[in-house]
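Chain A is the first sequence line, chain B the second, and so forth, proteins listed ahead of strands; every chain is numbered from 1.
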There are 2 protein chains.
Amino acid sequence: MAAADQPGKAPARSKRADALRNQQALLTAAAEVFVASGVDAPVREIAARAGVGMGTIYRHFPTRADLVVAVYRHQVEACAEAGPRLLAEAPSPFEALRGWVDLFVDFLVTKHGLAEALRSDGGFEALHAYFLERLVPVCAELLGAAAGAGEIRPGTGAYELMRGIGNLCAGRGDDPDYDPRRLVGLLLRGLRRSPEA
Amino acid sequence: MAAADQPGKAPARSKRADALRNQQALLTAAAEVFVASGVDAPVREIAARAGVGMGTIYRHFPTRADLVVAVYRHQVEACAEAGPRLLAEAPSPFEALRGWVDLFVDFLVTKHGLAEALRSDGGFEALHAYFLERLVPVCAELLGAAAGAGEIRPGTGAYELMRGIGNLCAGRGDDPDYDPRRLVGLLLRGLRRSPEA
DNA sequence: AACGATACGGAGCACTGTTCCGTTTTGTCA
DNA sequence: TGACAAAACGGAACAGTGCTCCGTATCGTT
């Protein structure tokens, strides 16, 4: 359902040279276009910038979500791996959770339009699925640790929290009167068992 | 910039009879289509259901936001008017705020797609503007009262809070693992000065 | 009844996503 | 090296949007 054959970075797998070259070109072009115009940029624009035809882009990345996933795979991976590390390093599970959430929020607000793509209503099911598959377990671990330490109230699931955070980060990021980080902070605070120091 | 001449409900103002009739038909049709297909339904569908042409719909409601505003005017108004009433009736300003937020959330989750339209990134600036113009002052009053009573921490603006709530309510509503109300509750709890009873 | 103002309708344009298939490139094998 | 089949390419073509434009019909008034 997702990316057919791990269209990751370097050696995709035993295919023709031109195919590999084009796949790489598409990844590069998509990354550029995404920062310039957001993840909703016209398919044609990406194809044109990569110097390939429409057929090629759809052959390599059947859905837009596949392309987005491929482009941001590294960062999602980094975010996933940061979870256990923070848990080990931070002074408390809740602090680890807070740190991880900061990372996640940074990631989302940095990529124009990513947060809205993350919600499930669009045609980005694959993206939604991948993000959640990879990150929900990490978040769940952090949440569980914090709950185990008695730092937060139970009852909120990792999926719910992540989607809430994603939602809070959606919309134009250049609004001086709307700071997603502040609201996410409030959300986390609402999760705490006792008030802040 | 918004609705040219208050395309409200009954007597719009000194215009031709057929124009009034069509405006009414459009409002009715739009309301029906909105519940069936969300506020993003194709313009043609609304026009067809109202039995009018494309030109007519655009003449009466230059932007989609104008139409949405006209359709939901009553409910927005009711929500706005509930603010002062709750403030007078509720046992405390914070409870009033909580009650009002519940109303707002109910409104948003009930109208498929309204919450996403509320964010500023789409072409719904007029909708965004109207909602905010009408409801932000109300929210600000509630927020101010609660802050004055020492029930919440200062520093969060009404606009920010409302947009956050709107964001939390966006996305498909039929997901059993995502309850906007719960998260909004968490947000409110994060706003409180001391923890819940 | 006639006539000017007002409003109507829908064809048409621009711009999307997506598919389809004739053509080109690549790698291999004689 | 020179076929040749498989793999991949490219972009025209189709379908579904939003929105505009202007010839035509309707309304209200004189």
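- The interatomic distance linking B/Phe61 (CZ) with C/dC8 (P) rounds to 11 Å, in whole Å.
- Side-chain contact between B/Pro180 and A/Glu160: absent, with no pair of heavy atoms (C-beta onward) separated by less than 4.5 Å.
- When all heavy atoms are compared, the tightest approach of A/Gly113 to A/Val39 is O-CG2, 3.5 Å.
- In this structure, B/Asn22 reaches the C/dC8 phosphate: one of its side-chain N or O atoms is under 4.0 Å from OP1 or OP2.
- Here the straight-line distance linking atom OH of A/Tyr159 with atom CG of A/Leu135 works out to 13.0 Å at 0.5 Å rounding.
- Taking atom CG of residue A/Leu20 and atom P of nucleotide D/dA7, one finds them 15 Å apart after rounding to whole Å.
- With A/Glu151 contributing its side chain and A/Phe94 its backbone, the two residues share a donor-acceptor pair below 3.5 Å.
- Residue A/His60 places no side-chain N or O under 4.0 Å from the OP1 or OP2 atom of D/dA8.
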Decide yes or no on side-chain hydrogen bond (donor to acceptor under 3.5 Å, both in side chains) for B/Asp66 and B/Tyr58, but give the supporting numbers first. CA-CA 10 Å; B/Asp66 294 324; B/Tyr58 277 99; over 6 Å; no
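- Contact check, B/Thr56 against C/dG9: a side-chain N or O comes under 4.0 Å of OP1 or OP2.
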Report, as a single string ordered 5' to 3', how protein heavy atoms within less than 4.0 Å touch nucleotides 16-26 of chain C: B base, S sugar-phosphate only, - not at all. SBBBB----BS
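- Between the CD1 atom of B/Ile46 and the P atom of D/dG16 there is a distance of 18 Å, rounded to whole Å.
- Ring pair A/Phe107/A/Phe131 is parallel by interplanar angle, where below 30° counts as parallel and above 60° as perpendicular.
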